[in-house]
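Report on the following structure.
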Amino acid sequence: MLSAEQLRQFRRALLEWFTMRQRDLPWRHTRDPYAVWISEIMLQQTRVAAVIPYYHRFLARFPDFKSLAEAPEQELLACWSGLGYYQRARNLQKAARQMKQAGAFPDNYSAIRALPGIGDYTAAAISSISFHLPHAVLDGNVFRVLSRVFTDPANIASAAGKRHLSGIAETVLDKAQPGMFNQGMMELGATVCLPKNPQCVICPVSEWCRARQSGTQSDFPVKIVSRKSVQEKRILFWVERDGRILAWNARQHPA
DNA sequence: AACTCGGGGGA
DNA sequence: TCCCCAGAGTT
């Protein structure tokens with residue numbers, strides 16, 4: 001782990017870099033929890049480039065939780081058509097109806113986390129970005145960055161590994177500017193600390209990165225996924241005489 | 001812990 | 001083709 005002073009330097013370097021070099025993305029022009037929420041749900045397992053046009057259309061048609069709560073389902077799904085994971089859209093409306101009932105967007109972590117379709121990641125993102133609450137986000141990008149900075153051997157595919165890195169994330173988090181810090185970590189993972197060929201030469205925190213120091217960037221994050229066995233059919237035939245194989249042929253693929 | 005949900009981009 | 005992506009819910 002880094003010393004307290006090193007942590008301060010790390011945070012400052014990351015925030016300075018993010019302030020200067022962040023991409024201009026539509027949801028970064030607002031802190032409105034409703035808009036941030038919509039963007040975060042759309043971004044679940046979906047690339048930024050794919051989300052942008054949907055984000056604009058969706059907010060134009062459903063500018064607040066009241067209009068979303070009252071939307072006909074067909075119209076809602078039409079707005080979502082092509083994004084995939086349609087349960088996300090249905091959960092959006094369920095949550096919007098809860099907000100309409102309550103009269104406001106929930107303003108604390110546990111209430112946000114309790115909404116349908118919102119898990120640990122999204123609750124931390126909305127809490128930190130829109131409400132300045134000190135909750136660290138953990139997505140694929142943050143796992144990768146933290147794993148490399150600390151050359152952490154935890155397996156991010158396991159629940160234990162995720163819990164372990166979650167503790168580190170809370171320690172590293174800049175609690176004075178959690179929203180900016182969280183976005184900075186994700187932006188770093190998305191644009192510099194890439195899965196393959198990380199751009200360490202231009203990385204603002206390479207000075208505090210153990211993987212960079214030891215040249216082991218490609219060894220992290222440790223992700224050991226137990227792959228399910230794949231069932232496949234093959235055709236095998238041969239010519240045999242007196243217990244000896246005279247000729248054989250095995251197709252690589254089923255006919 | 002494993003599985004499912006969608007569609008698209010990149011290796 | 002396979003893997004991965006600003007994950008969450010169910011079993």
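Only heavy atoms go into these numbers, but all of them, side chains included; no hydrogens, no water, no symmetry mates. Numbered from 1 within each chain, the chains take letters A, B, ... in sequence-line order.
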For a quick check under 3.5 Å, do A:H29 and A:D24 share a side-chain donor-acceptor pair by atom type? yes
If you measure only the distance, is there a donor-acceptor pair under 3.5 Å linking the side chains of A:N91 and A:R88? no
Is there a donor in the side chain of A:Y121 and an acceptor in the side chain of A:Q44, or the other way round, less than 3.5 Å apart? no
Taking the side chain of A:R28 as its heavy atoms from C-beta onward, which of C:dG9, B:dA1, C:dA6 lies nearest to it? C:dA6
Can you say whether a donor on the side chain of A:R47 sits under 3.5 Å from an acceptor on the base of C:dC4, or the other way round? yes
If I take atom NE2 in residue A:H135 and atom P in nucleotide C:dG7, what distance separates them, rounded to the nearest angstrom? 19 Å
Separation of the C1' atoms in B:dG6 and C:dC4, to the nearest angstrom: 13 Å
Which value, in whole Å, describes the distance between the P atoms of nucleotides B:dG10 and C:dA6? 13 Å
Does a side-chain N or O of A:Q45 approach OP1 or OP2 of C:dG7 to a distance below 4.0 Å, or not? yes
Can you work out whether A:A50 or A:K196 has the more 5'-proximal nearest nucleotide on DNA chain B? A:A50
Given C:dA6, C:dG9, C:dA8, identify the nucleotide with an atom nearest to the side chain of A:R113. C:dG9
May I have the distance from A:N197 (atom CG) to C:dC4 (atom C1'), rounded to whole angstrom? 15 Å
Between P on C:dC5 and OH on A:Y85, what's the gap in Å once rounded to a whole number? 12 Å
Taking only side-chain nitrogens and oxygens of A:R144, does any of them come within less than 4.0 Å of OP1 or OP2 of C:dA6? no
To the nearest angstrom, the NZ-C1' distance between A:K223 and C:dC3 comes to 9 Å
Looking at every strand, decide which applies to A:A190 at a 4.0 Å heavy-atom threshold: base, sugar-phosphate, or nothing. nothing
Would you mind reading off the distance between A:I41 atom CD1 and C:dG7 atom C1', rounded to a whole angstrom? 9 Å
Decide yes or no, distance alone: a donor-acceptor N/O pair under 3.5 angstrom between the base of C:dG7 and the side-chain of A:Y121. no
Pairwise 5' ranking along DNA chain C for A:G117 and A:S39, keeping only the more 5' one: A:S39
Identify which nucleotide among B:dG6, C:dC5, C:dA6 has an atom closest to any side-chain atom of A:N141, counting heavy atoms from C-beta outward. C:dA6
Calculate the interatomic distance between A:L77 atom CG and B:dC5 atom P; express it in whole Å. 17 Å
5'-most contact on DNA chain B (nearest-nucleotide basis), A:A157 vs A:R88, goes to A:A157
With a 4.0 Å cut-off on N to O distance, would you call A:E187 and A:R21 a salt bridge? no
Of the options C:dA6, B:dA1, C:dG7, whose atoms approach the side-chain atoms of A:M186 most closely? C:dA6
Classify A:G189 by what it touches in the nucleic acid, base, sugar-phosphate, or nothing, heavy-atom distance under 4.0 Å. nothing
Which part of the nucleic acid, if any, lies within reach of A:L83 when heavy atoms closer than 4.0 Å are counted: base, sugar-phosphate only, or nothing? base
Would you mind telling me which of C:dG9, C:dG7, B:dA1 lies closest to the side-chain atoms of A:Q44? C:dG7
A:Y86 vs B:dG7: side-chain N/O to OP1/OP2 distance below 4.0 Å: yes
Non-hydrogen side-chain atoms of A:Q217 and A:C209 separated by less than 4.5 Å: no
Counting only heavy atoms not in A:Q101, do more than 12 fall under 6.0 Å of its CD? no
Mind checking A:D120 for me? I need base, sugar-phosphate or nothing, with any heavy atom below 4.0 Å counting as a touch. sugar-phosphate
What does B:dT4 pair with, Watson-Crick or G-U, if both distances are under 3.5 Å? C:dA8
How many whole angstroms separate atom CD of A:E40 from atom P of C:dG7? 9 Å
Inter-nucleotide P distance (C:dC3, B:dT4), Å rounded: 15 Å
What I want to check is whether an N or O donor and acceptor connect the side chain of A:T46 with the base of B:dG6 at under 3.5 Å. yes
Value in whole Å for how far the P atom of C:dG9 lies from CD1 of A:I118: 8 Å
Toward the 5' end of DNA chain C, which comes first, A:Q87 or A:W27, by nearest nucleotide? A:W27
So does A:R23 have more than 12 non-hydrogen atoms from other groups sitting under 6.0 Å from CZ? yes
